[in-house]
Every structure is written in C-alpha cells, then in structure tokens.
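What follows is one structure encoded as structure tokens, with my remarks underneath.
Keep in mind that the numbers below use all heavy atoms, side chains included, and drop hydrogens, waters and symmetry copies. All ligand and atom numbering here is 1-based and tracks the order in the structure.
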Amino acid sequence: MATNFEALRRRFPVLERKTYLNSGSYCALADSVRDAINAYMDDRLLVGANWDVWVMKNEAVRALMAQVLHAQPDEIAVTASASAGLNALASALRFDGPRNKVVISDFEFPTNAQIWHAQELRGARVVHVARSPDGYIPAESFASVIDEQTQLVAVTHVCFRNGARLDIPGIVRLARAKGARVLLDCYQSVGSIDIDARELDVDFAVGGMLKYLLGTAGIGFLYVRGELIPELTPTNTGWFAQEQITAMDITANRPSPTARRFEAGTPAVVNCYAAQAGLEIILEAGLGAIEGRVRSLTRRCLDGLKGIGWPAVTPSDDSRRGAMVAVASRDTAQLFSRLMEQDIVTSFRDANLRATIHFYNSEADIDRFVAAMRDHRARFQPQG
Ligand SMILES: Cc1ncc(COP(=O)(O)O)c(C=O)c1O
C-alpha cells in the first residue's frame with residue numbers, strides 16, 4: 001500500500017505553523033513521540049520505579065533500530081550519542097601495530113574526526129581525504145590514501161555542511177581491497193535513506209535519534225557487524241555492557257557476547273520511550289517510500305533555486321545527495337534570521353544555509369522557501 005504522507009504530516013503539529021526545514025538539526029515532534037514521553041512521566045508519577053519495563057524499552061529500541069538498518073538486534077548497541085558509540089568502538093581498537101592508520105574525509109562531522117585524532121595518543125595516524133575542486137569527494141580520491149597500513153576508513157554518508165552523499169560502495173570496495181574496515185557515520189542519512197548495513201558491507205555504523213529518526217536527543221546507536229563482535233573488547237565500558245547485567249560481579253569484566261558490549265551505564269529511559277515512538281513512525285512510513293519522497297522534494301528545491309538564479313551547492317545528481325539542500329550566502333546568519341521571521345525554519349553551517357527536508361514536508365513548504373529566497377536574493381546571494 002502506498003504511504004499516505006499527507007496523513008503522516010498531520011501528526012507533526014509544528015508543520016501547521018511553520019515551514020519546518022530543519023530535520024537535519026532536530027526533527028519536528030510527532031504526536032506519538034510526545035505521548036510516549038508523557039507515558040514515561042505517568043509511569044514515574046503513578047508507578048514510581050517500573051524498572052523491568054524500562055529495561056525492556058532499551059531492547060525495543062535495539063530491535064527497531066536493527067530493522068531500520070536491516071541488521072540483527074545483537075548487532076546494535078543503544079548508546080547515549082553517536083560520539084559515545086564512536087568512543088566505545090575506538091576503545092576496542094589497537095593502534096600500536098603497523099595497521100595504525102585511520103582515513104577520514106573533509107566532509108566529516110567534527111566528532112568523527114576529533115575522536116580519531118584523540119587516538120593519536122594511542123598510536124593512531126589520521127589522514128584526511130580532501131574535496132576536489134568541484135566541491136565533491138569521489139571514491140577515487142580515497143584510492144591513493146587507503147593502503148595496507150589502513151585499519152579503518154571512517155566516513156560520513158551525507159555531509160552536514162553541504163548535503164553531499166559519498167559513494168559508500170566505491171569506498172568500501174577500496175577498503176576491502178586493502179583489508180581495511182569501514183565505519184559509516186550515517187547520522188545525516190539514517191531515516192531519510194534506506195540503509196542496508198549488510199548490503200553496503202560496512203563494518204560499523206553510528207548515528208542517533210534526534211534528526212531523521214524522529215526521536216530525541218541523548219540517544220544513539222552503534223552497529224557492529226556480527227562476525228567482528230567477539231574480537232572487539234571495548235575498554236570504554238560499564239555494567240550495562242556486561243554479559244549478565246544483574247550479576248553485579250566486581251571481580252572481572254565479562255562483556256556481553258552481543259553488540260551490547262559497546263554500551264555503558266543505565267540507559268536514558270525517557271529517551272528510549274521517545275526513540276521507540278519515532279522509529280515506529282519511520283518503519284510505518286517505510287524507508288523506501290521515505291527515500292523516494294525526500295529525493296523528489298530535494299529535487300524540487302534544487303530546481304526551484306536554480307529557477308530563481310541562486311543555485312544550491314548540493315550535488316544535483318540523485319545518487320550524490322542526501323536530505324539537504326545547501327545554498328551559499330553572503331551572510332548566512334542574517335538570511336537565517338530573515339527566514340525565521342517568516343516562520344521558515346532552516347539552519348546554517350559556515351557559508352551555507354541549509355534546508356533539511358523530511359517526508360513530512362510538502363511541495364508547498366518547498367515552494368514557500370524558494371519564493372522567500374527569491375525575495376532575499378539581491379541582498380544575500382554571494383557576489384561574483
Ligand atoms: C553526521 C553527524 N555525525 C555525528 C553527529 C554528532 O552526534 P552526537 O552529538 O550524537 O555525538 C552529528 C550531529 O549533528 C552529525 O550530523
């Protein structure tokens with residue numbers, strides 16, 4: 001059955017008041033996510049400590065997240081953030097041998113660079129792959145950098161600055177040829193692009209729930225390919241990472257045989273409620289349908305901006321962009337504020353204004369944004 005995007009849109013009250021093009025920072029809140037948070041509050045008020053239910057909420061999030069990535073629940077750690085997942089993974093890797101190189105790209109979100117640079121204290125060498133003169137980073141640019149000393153290629157799926165989407169299958173092929181592993185930072189894509197972790201053949205993937213997964217801040221995930229789990233023992237750990245959480249054994253570290261070994265302490269219970277409700281909407285809408293809808297809305301936005309003579313910096317090729325349309329501006333902060341005054345919610349990074357688009361946006365949202373940009377063009381388009 002075709003997804004009814006109009007009906008789904010009605011579940012996000014902010015969309016009646018605002019042209020909300022900011023899902024790449026923080027999603028619109030759905031009625032059912034609010035209800036889930038309220039259900040937690042009711043539990044606290046009326047039951048007190050409903051511990052067993054709460055622990056199961058973490059498991060519900062794990063199972064739903066596995067569905068989103070076409071993975072197994074045992075391959076998912078539910079973490080406090082993408083950064084927490086990266087740190088747990090980094091702590092399980094060793095950089096004291098000849099394979100000590102980590103390859104990242106110029107498109108990384110800071111956390112997926114800083115955490116690898118932090119491993120320099122432990123012997124890691126971090127090498128950056130630069131963007132080409134046209135602003136993109138084709139897979140070929142990784143070819144001369146990934147070598148026999150490369151342990152990990154840690155790359156973003158979609159760049160948070162400009163919406164460019166990397167050629168992950170091409171990068172994975174290069175990594176495999178040299179025996180390197182691949183980590184995908186899919187925070188800017190998961191929930192808007194159908195990601196099959198097995199088919200993409202990545203070893204690890206990190207992200208979180210507050211953007212296209214429709215949940216909240218303070219909860220994320222780490223996917224670890226099942227076959228790798230037994231050989232990776234994080235030193236960044238805690239009692240919820242143990243094989244038996246309730247064993248309360250203080251004599252040894254006995255990590256869970258599953259990806260739960262990358263977790264740490266008490267789960268963020270209220271965030272699990274919100275994340276579960278958000279993930280349920282994503283799965284109800286269907287990731288294939290969402291991806292198609294987002295592709296057509298971003299296409300409309302790109303074409304509209306071209307039509308007003310202010311083309312986006314985001315790649316136009318469908319396979320090279322995510323759910324974002326970024327536009328260079330002379331003064332992004334001012335442009336952002338002018339749009340905000342018109343109830344058009346965007347965001348900005350560096351010299352780019354970002355319209356980040358989800359399935360719940362409409363054609364009318366896009367047209368309203370483009371019309372406003374036409375009015376602001378003389379003042380804010382870069383000169384020359
Ligand atoms: C691509 C990407 N990676 C990582 C992060 C950071 O995630 P966290 O704050 O959960 O560590 C973000 C947040 O905006 C992001 O866009």
Side-chain angles (χ1 to χ4, degrees), residues 21-28 61 65 68-69 76-91 102 104-119 126 128-129 131 137 152-166 168 171 182-193 195 197 200 202 204-223 234 236 262-265 267-268 270-272 274-275 278-279 294 314 320-326 345-350 352-358:
L21 301 172
N22 194 28
S23 305
S25 301
Y26 213 136
C27 63
V61 171
M65 199 56 234
V68 166
L69 293 176
I76 305 290
V78 180
T79 60
S81 62
S83 302
L86 286 169
N87 274 312
L89 174 63
S91 81
V102 179
I104 66 173
S105 82
D106 270 0
F107 282 174
E108 298 320 310
F109 188 86
T111 215
N112 190 40
Q114 292 152 351
I115 289 170
W116 299 114
H117 279 293
Q119 309 311 313
V126 182
H128 292 235
V129 176
R131 66 182 74 196
I137 312 180
L152 185 70
V153 180
V155 284
T156 195
H157 200 183
V158 169
C159 175
F160 77 108
R161 293 179 201 274
N162 60 19
R165 173 175 169 182
L166 288 176
I168 301 304
I171 294 168
V182 178
L183 173 133
L184 184 69
D185 174 359
C186 57
Y187 211 150
Q188 283 294 333
S189 60
V190 67
S192 70
I193 291 176
I195 298 171
L200 266 188
V202 293
F204 315 106
V206 284
M209 319 298 194
L210 99 145
K211 303 178 193 289
Y212 300 97
L213 289 178
L214 307 179
T216 192
I219 182 162
F221 64 86
L222 168 69
Y223 159 83
N236 185 337
F262 294 93
E263 295 179 15
V270 64
N271 299 342
C272 291
L279 289 166
V294 168
T314 303
R320 286 190 172 189
R321 71 168 190 278
M324 178 190 303
V325 173
V345 185
T346 59
S347 56
F348 59 97
R349 296 286 180 274
D350 315 321
N352 292 342
L353 184 93
R354 310 185 307 174
T356 49
I357 296 166
H358 213 340

For [atom], the protein heavy atom that lies nearest, with its residue and separation:
atom: atom 11 (O) of ligand 1; value: S83 OG, 2.5 Å
atom: atom 16 (O) of ligand 1; value: Q188 NE2, 3.0 Å
atom: atom 10 (O) of ligand 1; value: A82 N, 2.9 Å

*asked:* Less than 3.5 Å apart, any donor N or O on the side chain of S189 or H157 sitting next to an acceptor on the other?
replied: yes

*Going by atom types only, do S23 and T356 share a side-chain donor-acceptor pair under 3.5 Å?*
no

*S81: numbered ligand 1 atoms lying under 4.0 Å from its heavy atoms*: 8 (P), 10 (O), 11 (O)

*Residues two or more places apart in sequence or in another chain: which of them pass side chain to side chain contact (heavy atoms under 4.5 Å, CB included) with R131?*
D106, F107, I137, R161, N162

*Only heavy atoms count here, so choose which of Y26, F160, F109 is nearest to atom 12 (C) of ligand 1.*
F109

*If hydrogens are left out, which of V206, T156, D185 has an atom nearest to atom 3 (N) of ligand 1, that is, the closest non-hydrogen atom?*
D185

Flag [X] as yes when one of its N or O atoms lies below 3.5 Å from any N or O atom of ligand 1, and as no otherwise.
X: Y187; result: no
X: V158; result: no
X: K211; result: yes

_Before you tell me yes or no, could you show the steps for T314 and R321 under side chain to side chain donor-acceptor pair (under 3.5 Å), namely the whole-Å CA-CA distance, both residues' side-chain angles and the distance that decides it to 0.1 Å?_
CA-CA 7 Å; T314 303; R321 71 168 190 278; over 6 Å; no

_Criterion side chain to side chain donor-acceptor pair (under 3.5 Å) on E108 and S105, from CA distance to verdict_ = CA-CA 6 Å; E108 298 320 310; S105 82; 2.6 Å; yes

*asked:* Once ring-ring contact (aromatic ring centres under 6.0 Å, His included) is applied, do any residues pair with F204, and if so which ones, sequence neighbours excluded?
replied: none

*Are K211 and Y26 in a cation-pi contact, defined as NZ or CZ under 6.0 Å from the six-membered ring centre and within 45° of the axis?*
no

*asked:* With a cutoff of 4.0 Å, is T111 in contact with ligand 1, counting heavy atoms of the residue only?
replied: yes

